[in-house]
Amino acid sequence: MEIDIIMDDSIYSSMSNGRAKGMRLKKLPTIQIGRGKCDDVEIDTMCLFNPLQHILSALKTAAKHQNTSQTRQLHACIVKVGFEGFLPLLNSLLNAYSKCSSLEDALQLFNEITPRDPFTWSSLLSLLTRSNLSQVAVTLFSTSFSFDKIQPDGHIYASLLNACANLLSSKQGKQIHAQFVISYFCDDDVVKSALVDMYSKCHTPDDARKVFDTIRIKNSISLTAMVYGYSLNGRHLEAIQIFKEMPFKSLPSWTALISGFVQHGNGINALKFFKKMRFEVIHIEDPFVICSVVGASATLASLALGKQLHCLVILLGYESSIFVSNALVDMYAKCSDIFASRQVFDNINGRDVVSWTAMIVGAAQHGWAEVALGLFDKMVFEGLTPNEVTFVGLIYACSHKGLVDKGRQLFNSMTSDYGIKPSLQHYTCLLDLLSRSGLLQEAKDVIMGMPFDPDEATWGALLSACKREGDVCMGIEIADHLLSLNPQEPSTYILLSNTYASACMWDQVAKVRKLISVMPVSKVPGYSWVELGMESYMFCAGELMHPMKDEILRLLEEIMEKMKERGYVPDTSSVLHDLEQQEKQEQLFLHSERLAVALGLLKATPGSAIRVVKNLRVCGDCHTVLKLISDIVSREIIVRDTNRFHHFKDGICSCNDFW
DNA sequence: GTTCCGAACA
């Protein structure tokens, strides 16, 4: 039975990436066999001996060098010589197209091959997976594979599991696992390595470990997959233990350990092992590990470290790597140096959608909404297709600048012009856009109409907007709803308490306070750190144990006097504890970002910007204080909180008090 | 055939 996979609309509707959309789905062009180029392939003399052997060998070479034109020429030769009916040769040809990532050629050939064997299928499945069409691979296997009446072999199971890992779909992965364990190939260690990888990436490291323990001969690949599984999922001790036991530590093994740490947010451990790796003089033959550690410095917001890594990138000759450049754009933006980010971006040759998106998101988070929108226009003008992340950045940019109409238009254009289905993130951005601009009813309509269940953060965003707009009535309605959801975030409780207090609903205020006191999770302490050249210093809220404690306090008191002269009155509404007003003000005085800024003012290079990072959102009072400080001491203060960047300069903030 | 890389909102 002929399977016309290219005509299946249900499969293509599941394609969600730009590459897939760019493909002509219905009618693929026919390859023009023997377009005069055939004779370029030097087979004449060899044909006299063993043409089959020669073409097979030439196909292997073409696959190895990912040479599409050579593969097409060999395809022409196969037709010309009359070997079209020889399945192993066609499979090698398909494999070569697959290795060249020549999707259209491969799909057309696949449709022409009949009958197909497991080799034919595994070549196609691995190509689809590598082409970001993992869901197509899995769907094809479940819908069309049985038509060919063949049993999947180890290669097919491995490719399919790779696809499930890409999709982070343990549900589909488990179904394939179930088929595998009752198959003839159930002892195949390569498939088991693929299973370890799939479960690791799907965040079930214990499932990965169960399979890992059944692998008879553990090689570098299976060990690396398990190391990654543990480090990615925060099981750092187990990751390090297996890593240490590895008889041979290849670059991918180091990369797996380090990138797992980074992805789990453990930048410190990542850098510790990167240092060890450098110490062991491991040859860095690919840039993956560099991307990871650049990402670690972005997470840690350490500009000094990021700059050192940028130097290493140049030293190792990876400046031209698009992956590395994109990571640098993101790193500089996250380390608060948006100008350096822009400089790296401007120097990239052949920017891809990730380069543009990283720059758009960076610009948006630094309050450069117009720049972000301008970059988008330029990106589209240059022929690049934005993806779902690009739109998150764009709507976010509009949201933080109050550009309601533009934001709405982008939200609609995402679906109508680019066929991207809005995710919960997009709805959250839209909701944020509307509510920040006071369009509370429209924001509520968005929540009620979206095809996702709103969570605590979604309702919280709307509630904080109600508070800002003074809509007590809707605020109470939402607060009642939120309270019934048993919220977990301490900030939600502050919001609830303030909402009820503003409506003089003291019974409800008491109820919220009682809930706080029995909350199972204690409040995360606020901390901030300031970078001072190659060093940084971290302060916890309310704690001042620094050797320069007295100078810090003196400076803050001096500044406080000047602020009061300008009419500053502390806003204690963000202090959760049941304290007297005086005590609340004292708490605010010792908020970690103020201590960090004070140390920065005392120790940073005179005139340089003070860069502070905070683990929570900047509270309203600190925001006012930092604006005033920037004016009083005439210094730029850049604070990265969990939400965005604030550039305080001359008494104003780049966020326009929208954050 | 299976391992390592970049961009996200509240």
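Per chain, numbering begins at 1; letters A, B, ... match sequence-line order. Values below: every heavy atom of this structure, side chains too, minus hydrogens, waters and symmetry copies.
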Legend entry - Between W356(A) and F376(A), ring centroids under 6.0 Å: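 No, ring centres 6.0 Å or more apart.
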Report which part of the nucleic acid [X] touches: base, sugar-phosphate, or nothing (heavy-atom distance under 4.0 Å, all strands).
X	answer
Y396(A)	sugar-phosphate
S259(A)	sugar-phosphate
V389(A)	base
G154(A)	base
S200(A)	nothing

Please tell me if [X] has a side-chain N or O lying less than 4.0 Å from either OP1 or OP2 of [N].
X	N	value
K201(A)	dC4(B)	yes
Q263(A)	dC4(B)	no
N326(A)	dA7(B)	no
Y230(A)	dT3(B)	no
Q365(A)	dC9(B)	yes
K99(A)	dG1(B)	yes
N387(A)	dA8(B)	no

Legend entry - Out of dC4(B), dC9(B), dT3(B), whichever nucleotide has its closest atom nearest the side chain of F288(A):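 For F288(A), the side-chain atoms sit closest to dC4(B).
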Legend entry - Short side-chain to backbone donor-acceptor contact, S341(A) and D337(A), under 3.5 Å: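 Side chain of S341(A) to backbone of D337(A), a donor-acceptor pair under 3.5 Å: no, none is there.
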Tell me the interatomic distance from [X], atom [atom1], to [N], atom [atom2], rounded to whole angstroms.
X	N	atom1	atom2	result
I395(A)	dC9(B)	CD1	C1'	9 Å
L482(A)	dA10(B)	CG	P	17 Å
D286(A)	dT3(B)	CG	P	14 Å

Inset, instruction - Would you please classify the geometry between the Y427(A) ring and the F411(A) ring as parallel, tilted or perpendicular, with 30° and 60° separating the classes? - result: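 Perpendicular.
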